[in-house]
Amino acid sequence: MPDAPGLELIRGEIERDCPGAVLATSYDRSQAALVVDPARVLEVLSWLKDQPGQRYDFLSSLHAADYLPNAPRFAVHYELINRDRVERVRVKAMLEDAPPAGGDDREDSPGRESPRSETGPAGQGLPSIDSCVELFPTAEAQEREVFDFFGIVFRGHPNLTRILLPDDYVGWPQRRDFPIGGEPVTFTYSEQRYD
Amino acid sequence: MEVERRSLREKQLAARDLLRGDLEGEDLERYVEERVLTTTFEKMLNVARANSIFPLTFGLACCAIEGIPMAAVTARYDIARFGAEAGRASPRQADLMVLSGRVSIKMAPVIRRLYDQMLEPKWVMAMGACSSSGGMFANYAVLQGADKFLPVDIYVPGCPPRPEAVLYGFTKLQRQIIGNPDQGWRQRYDAHGTEEWARGGPRSEPSPEAAKAYEQARESAERLREETGEPSLA
Amino acid sequence: MTEIAEQAVDRDREIMTVNVGPHHPATHGVLRLVVDLEGEMVRELTPVIGYVHTGIEKSCEDKSYWKVIPFVERMDYVSYFFQMEAFCGAVERLIDLEIPPRARYLRTLFLELNRIHSHLVWLGTTALDLGAISMLWYCFRERDKILDLFEMATGQRMHTRYFQVGGVIEDIPLGFEQKCRAFAEEMPIRVGQYQALLDRNEVFLSRTKGVGAVSRERLLELGVTGPLLRAAGEPWDLRKAFDYLAYPELDFKIPVGTVGDNYDRYRVRVAEMVESARIVEQCLDALPEGPFIADDRKYVLPPRSELSTSMESLIHHFKLVTEGYRVGPGEVYYSIESPRGELGCFVVADGSAKPSRVHFRDPSFVNLQAFRDMAVDTYVADMIASLGMLDPILGGVDR
């Protein structure tokens, strides 16, 4: 991974080309992460991919996490690898949860206008971010998985539907406020005997 | 009934006489008793069914690697010695469906459809903890037990059960088919009344003791819930 | 014709939509493929997955860290040691815990044994799909030997929960080394026998040579890793790229193919089996003495012999068993080379005894995206061969 000074250098260079995109850097346990503005995530990713000195052209994983009760709540993580220098860098885009239907938050509207977006069980809108499928075709299934589990809409994705859960499932299971499910175990004979 | 054993020479002479048509009366009866096994047609059919089960080659998850589709079929834990090596892919031709693995909510209607496509007589083995009762996965995505939507004949616990355990369950199922369902453990442990039957199956009414036990359990659970104020399960 | 049949048949191009699976003798697990066929040629292919989705990632959020290990094992159910290593390695990086050298070597040993095991299962089932039915019996004979080794060391054939955060849960017993060495010596001979059966077999060659080739650049775009990528000519292996466990000290080669068709994939995996046997031998030779698990009692259970004498050990034991250890806030992504590719584990810790998010980047999930490229415009039979060579394990795909 680029070490801490290397990370700051990268940030400086990105600031030169895409000012204001990177909100913060974090170097934790020898892992370099750039926290970016979700509206500019495509710029940063394509910069990291195409810049002659950087060339992080392999997206190894795209996943999301829910940091409830912290805000901003969601974060979409992009793990990038440069195979020649064998270095990893992580790009983190923090997203707010969209307010309930009727809000005019800028992150809310594309998700609600898209015919395929579903509203959550309480009728709220869904947070959304640009899809990076053109940059990294590997993101197609992984973005669908993030949508399936968190309800984060990826604008521009060719086929944003549920991938692992049944198509008519309601709810976003991996969110922290979704219950785990399952059933309580009931015993019949022994309950009566040891009652 | 007692049959005195005769020496080989006498048996040979009797066989020669039979072929000549000379055996009659009591000698003929004795010959028939010694050589011919009489039974009912039903019983014979059951023996044939038990010893030539065609399992459905159907594996869901981890148990499949250790179970009927794979390890139990291979050379060390050969299931062919029980007559069941002819695994059929089509449910129309199979007798035994081994639910080897966790039943997720997306897969349950598919399994039910496969079960409906199988022809009578058919049996289901719930192999492993996940298909018997949901296993370690008590969450939104796994059905807590395949017997919620299918009648299951035999449960083999384990995670995954050893192939020997699967074969033991298989032989128990064979005995069940022949008509000798249990090994008498209920008598030994005085556990009558603990049977649970699949709902809607041929014997889906619980025995009177079991019904009473269910009722009492339900009442005590309701009482407890009222006392603590937790929401009801219904 | 009924309505469904009307929709399934496209009269202009004679395309028929066929549903393959999720119950099918050749899909490796419950994979459903919706295939558009024109005669025998596959024109369009859509995999539908999720039929064994178990919600493991969600369940893990409710369990203390050491209880997560058995859950996480059961994702990719053929290479269970790798999932354990990914998770334990991620947590060890979160708490900055260093594992003792003996544990590193033991972990490497079991990982490579599991790699051989996974490739044997793959070879047996894929050859079965292609018609070489006897390969199934031979491969599973070897596999049973490996499972005997696992049982000897850990008590369980599959899903052993052998790796713990800090090392391994138990040392290897007496007699394990001889048995393992005998196995590692015998393995290359067996692989030679398998190769004698299949390598130059005319039927096998005609079914796999030139079939299902995808270019290296396309595979890199699709994020494919593992033997699929190496068969296409890209020497990318995380064991050599990122140093972890005992791999930097071992001497082994990475088999790399040229064309990237099914035959190359077969050869790469078979060669990997031989290399893994060599690694097993080297691990046994170089196994250092010492503790098999770290000493830090805040995270690792103390040995039971101490519980009756030391009060602190008792308290540590109690705390660890009831609540579990707390992992300070942070997040880490740690990836290793599993038999199918890059297996990554992402753990978010929030300072409590339960992880806040556990996510696995499963190689089969990402590799499955390459399946369309491999199978479109080939015959149906080639599609089945490609599916075998792709080696998806649906437990990992669906998690």
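Computed from a predicted model, the values in this text were never measured in an experiment. When reading the values below, keep in mind they use all heavy atoms of this one structure, side chains included, and skip hydrogens, waters and symmetry mates. Chain letters run A, B, ... following the sequence lines, proteins first and then strands; every chain starts at 1.
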Test log, rule side-chain contact (heavy atoms from CB on, under 4.5 Å), inputs C:K58 and B:F137
CA-CA 10 Å; C:K58 182 76 184 179; B:F137 301 111; over 6 Å; no

Which bit of C:Y138 is near chain B, if near means a heavy-atom gap under 4.5 Å: side chain, backbone, both or neither?
neither

Which atom of C:R143 lies closest to which atom of B:I65, heavy atoms considered
NH2-CG2, 3.3 Å

Structural part of C:R141 lying under 4.5 Å from a heavy atom of chain B:
neither

What part of C:L147 gets within 4.5 angstrom of chain B, counting heavy atoms only: side chain, backbone, both, or neither?
side chain

Quick one: closest heavy-atom pair of B:G59 and C:V30, and the distance?
O-CG1, 4.1 Å

Contact origin within B:L56 toward chain C - heavy atom pairs under 4.5 Å:
side chain

Atom NZ of C:K67: over 12 foreign heavy atoms under 6.0 Å:
no

Please check if atom CZ in C:R161 has more than 12 non-hydrogen atoms from other residues, nucleotides or ligands closer than 6.0 Å.
no

Looking at chain B, which one of C:V121, C:L136, C:L128, C:I56 has the largest number of heavy-atom pairs inside 4.5 Å, strictly under?
C:I56

Check each atom of C:H53 against the heavy atoms of chain B and say whether the ones under 4.5 Å are side chain, backbone, both or neither.
both

Using a 4.5 Å cut-off on heavy atoms from C-beta on, say whether the side chain of C:P22 contacts that of B:K106.
no

Among C:Y77, C:Y80, C:W137, which has the most heavy-atom pairs under 4.5 Å with chain B?
C:Y77

Can we say B:R102 and C:D398 salt-bridge, meaning some charged N sits less than 4.0 Å from an Asp/Glu carboxylate O?
no

I'd like to verify something: which residue of B:I111, B:V103, B:L114 has the highest number of heavy-atom pairs under 4.5 Å with chain C?
B:L114

So for atom CD, which belongs to B:E219, do other residues, nucleotides or ligands contribute more than 12 heavy atoms lying within a distance under 6.0 Å?
yes

B:C159 versus chain C, heavy atoms under 4.5 Å apart: side chain, backbone, both or neither?
both

Can you tell me how far the CG atom of C:L394 sits from the CE atom of B:M107, to the nearest 0.5 Å?
9.5 Å

Using non-hydrogen atoms and a 4.5 Å limit, figure out which bit of B:R162 sits close to chain C: side chain, backbone, both or neither.
side chain

Main-chain N/O of B:S90 paired with C:H23 side-chain donor or acceptor, under 3.5 Å:
no

Measuring from atom SG of B:C62 to atom NE2 of C:H159, what distance do you get when rounded to the nearest 0.5 angstrom?
3.5 Å

Side chain, backbone, both or neither: which part of B:L60 has a non-hydrogen atom closer than 4.5 Å to chain C?
both

Is it true that, when you exclude B:R112 itself, more than 12 heavy atoms of the residues, nucleotides or ligands shown sit nearer than 6.0 Å to its CZ?
yes

For the atom pair CE (C:M158) and SG (B:C63), what is the distance rounded to the nearest 0.5 Å?
7.5 Å

Polar side-chain atom of B:S104 near backbone of C:Y51 as donor-acceptor pair, under 3.5 Å:
yes

